[in-house]
Amino acid sequence: MDISSISLMVCDLINSAISLFGETFLVAYFLQITNENISQVSIYYIIVYALLGIGNYLLGNKIKSKPQKRVEIYRIGIIVKSIYILLIVLFKENINQNYILFAILYGISEALYWSTYDIMNIEIIDNNNRKRYVTTKRILGKIVHIIVPIVLGTSIELTSFTNIAIYVFILTIIQVIISTFINTNKFKKEGAKEKYNLKNYIKNLSIEQKEKLMKMYKLAFLYGMMMDTIKVLVVIITIMTFKTSLNLGILTTIFSICSMISLYLYNKLYQKKYSKNLLSICSILIIVGVLGLILDINKTTLILYNFTYSITIYILEVMFKIKSDDSVKEYNLEKWVVEYHTFIEGFMEIGRITGFILMAIVGLLNNIIYFKLLLLIVTMSIPIYSITMNKIEKG
């Protein structure tokens with residue numbers, strides 16, 4: 001790997017640590033200060049993901065016409081996120097009264113970050129090396145998830161939540177520095193000749209391309225629903241069951257080790273001809289795990305579910321990331337890469353928002369039966385996802 005790909009990977013690993021804070025411990029904190037108000041947490045994420053989708057669309061023209069500006073936009077996203085973290089420190093318990101402001105700020109930072117990161121990732125990493133790059137990054141990310149949860153969970157219990165936010169703020173500064181090593185000359189200039197236009201993009205696609213892309217869009221929708229909704233649901237269930245951030249940190253670390261092992265085996269052993277078998281195993285395992293929680297939510301069934309979730313869901317995530325990036329070259333979309341990414345991201349956000357709308361409704365109903373039903377619904381998106389992925393892998 002060259003300096004650009006290494007810098008991009010390191011930046012995303014740091015972002016992974018920050019996201020662990022924002023998506024796990026911040027959820028725990030929200031539950032604490034809102035008296036376990038699941039609907040409020042859901043509304044927060046609905047705003048974040050709506051802005052992420054809208055932001056990707058609005059930034060499309062700048063990202064496509066000015067490839068050399070991508071790193072600058074990326075850095076702005078990192079800086080906005082650092083401001084978001086700093087405000088968490090300043091507002092403390094008042095986050096509860098200002099959660100919409102925090103959702104807007106986080107959504108803007110995510111749009112700036114991912115709209116540029118994903119495009120840079122597609123163009124910097126060659127298709128031949130993408131599987132190794134993505135799985136290596138995910139394995140290293142799991143190592144981060146082994147260390148950081150213990151540090152965060154212990155520090156929250158022994159010191160205070162705000163001290164952790166300061167550490168995360170420092171990490172964002174390091175990200176800005178590392179991002180300066182990304183070489184803007186690596187970005188392809190061919191696409192910049194075409195004006196950013198979603199209608200022209202659709203118009204210029206062949207029937208075969210449209211058929212293949214519809215499967216990718218369906219996959220992106222399912223990916224959005226299963227990855228993010230389930231992730232937050234698992235955190236909520238864990239906090240309600242084990243009560244403390246320390247236990248949350250320990251459990252997250254243990255399951256990160258399981259994820260790291262499964263990703264390592266995937267990287268070493270996976271071949272396309274085995275996709276159906278692997279996807280079937282992942283679906284069966286996760287369904288077995290969720291059935292245990294539906295029968296009875298307790299520490300044993302929660303640990304079983306987390307185990308099946310951790311060894312399967314990240315393999316499915318890696319498969320999506322590899323395929324969605326590889327599709328640009330495979331489907332001859334090089335000059336439409338920004339438009340392609342806008343659609344993929346858009347369908348992902350629709351999936352995420354759908355999941356969190358359902359979660360908000362369940363929060364209002366305030367009944368454990370509906371909570372279990374929601375868990376079943378979003379989990380059932382995994383076998384549908386697996387079937388769709390298998391069709392795409394077969395070509």
Side-chain angles (χ1 to χ4, degrees), residues 1-20 22-23 48-49 51-64 66-82 84 106-127 129-130 133-138 140-141 144 168 171-188 191 196 220 223-224 227-228 317-318 320-328 337-349 352:
M1 294 188 292
D2 61 13
I3 187 66
S4 294
S5 57
I6 292 171
S7 299
L8 200 61
M9 179 183 288
V10 173
C11 280
D12 199 47
L13 288 172
I14 295 174
N15 186 68
S16 178
I18 294 171
S19 295
L20 186 63
E23 296 170 5
V48 168
Y49 291 127
L51 287 173
L52 180 49
I54 294 169
N56 265 276
Y57 171 73
L58 295 177
L59 289 166
N61 185 55
K62 186 76 170 179
I63 292 169
K64 183 169 185 175
K66 304 287 184 181
Q68 69 276 12
K69 297 289 185 182
R70 290 171 187 169
V71 179
E72 292 180 18
I73 297 171
Y74 179 66
R75 289 193 199 113
I76 293 171
I78 294 170
I79 292 168
V80 173
K81 185 176 287 187
S82 71
Y84 162 81
Y106 190 50
I108 292 172
S109 72
E110 289 286 89
L112 290 164
Y113 184 95
W114 291 109
S115 63
T116 47
Y117 172 85
D118 286 338
I119 300 298
M120 292 189 293
N121 186 67
I122 289 170
E123 296 193 337
I124 288 175
I125 312 303
D126 184 81
N127 279 20
N129 299 318
R130 197 174 305 282
Y133 177 87
V134 173
T135 52
T136 300
K137 187 179 70 173
R138 284 292 182 272
L140 291 175
V144 170
V168 175
L171 287 176
T172 61
I173 301 302
I174 297 172
Q175 268 185 297
V176 172
I177 295 170
I178 294 174
S179 70
T180 61
F181 295 99
I182 299 172
N183 183 6
T184 58
N185 292 324
K186 290 183 70 68
F187 304 139
K188 296 176 176 63
Y196 176 75
Y223 174 88
M227 283 302 300
D228 294 274
E317 178 194 21
V318 164
F320 173 78
K321 291 292 185 183
I322 294 170
K323 192 61 187 179
S324 62
D325 288 354
D326 281 353
S327 293
V328 171
V337 62
V338 180
E339 286 85 352
Y340 165 77
H341 177 258
T342 299
F343 270 94
I344 288 290
E345 192 70 40
F347 277 93
M348 281 171 56
E349 305 321 325
R352 287 164 168 161

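Starting from 1, each residue takes its place in the sequence as its number.
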side-chain contact (heavy atoms from CB on, under 4.5 Å) between Tyr74 and Ile119, worked out:
CA-CA 11 Å; Tyr74 179 66; Ile119 300 298; over 6 Å; no

May I have the step-by-step check of side-chain contact (heavy atoms from CB on, under 4.5 Å) for Lys81 and Glu110, ending in yes or no?
CA-CA 8 Å; Lys81 185 176 287 187; Glu110 289 286 89; 3.0 Å; yes

Would Asn183 and Ile3 count as a side-chain contact (heavy atoms from CB on, under 4.5 Å) if you check the C-alpha gap in whole Å, the side-chain angles of each, and the deciding distance to 0.1 Å?
CA-CA 8 Å; Asn183 183 6; Ile3 187 66; 5.6 Å; no

Taking it one step at a time, do Thr342 and Tyr196 satisfy side-chain contact (heavy atoms from CB on, under 4.5 Å)?
CA-CA 11 Å; Thr342 299; Tyr196 176 75; 3.0 Å; yes

Test side chain to side chain donor-acceptor pair (under 3.5 Å) on Tyr49 and Asp228 and set out the steps.
CA-CA 10 Å; Tyr49 291 127; Asp228 294 274; 3.0 Å; yes

Intermediate values then yes/no, salt bridge (charged side-chain N to carboxylate O under 4.0 Å, His left out), Lys66 and Glu72:
CA-CA 11 Å; Lys66 304 287 184 181; Glu72 292 180 18; over 6 Å; no

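Rounded to the nearest 0.5 angstrom, Asp325 CG and Asn121 CG are separated by 5.0 Å. Within the model, atoms CG of Asn127 and CG of Asp326 stand 4.0 Å from one another, a figure rounded to the nearest 0.5 Å. Here the straight-line distance linking atom OG of Ser179 with atom CD1 of Ile78 works out to 5.0 Å at 0.5 Å rounding. Note that CD1 of Ile177 is 10.0 Å distant from SG of Cys11, once rounded to the nearest 0.5 Å. The CD1 atom of Ile76 lies 12.0 Å from the CD1 atom of Ile108; values are rounded to the nearest 0.5 Å. Atom CE of Met120 sits about 4.5 Å away from atom CD1 of Ile182, to the nearest 0.5 Å.
A donor-acceptor contact shorter than 3.5 Å links the side chain of Thr116 to the backbone of Leu112. With Glu345 contributing its side chain and Gly53 its backbone, the two residues share no donor-acceptor pair below 3.5 Å. Between the side chain of Asn56 and the backbone N or O of Leu52 there is at least one donor-acceptor pair closer than 3.5 Å. Arg130 places no side-chain N or O within 3.5 Å of a backbone atom of Lys321 that could act as its donor or acceptor partner. Checking side-chain atoms of Arg70 against main-chain N and O of Thr184 turns up no donor-acceptor pair under 3.5 Å. In this structure, Tyr340 contributes its side chain and Ser324 its backbone to a donor-acceptor pair below 3.5 Å. Judged purely by atom type and a 3.5 angstrom limit, Asp2 uses its side chain to pair as donor or acceptor with the backbone of Ser5.
For the pair Thr136 and Leu140, the minimum side-chain heavy-atom distance is below 4.5 Å. Contact check for Leu59 versus Trp114: no side-chain heavy atoms found under the 4.5 Å cut-off.
Taking the six-membered ring where the residue is Trp, Phe347 and Phe343 present parallel rings, their angle staying beneath 30° rather than reaching 60°. Between Tyr84 and Tyr106, the two ring planes are parallel [angle under 30°; tilted spans 30° to 60°].
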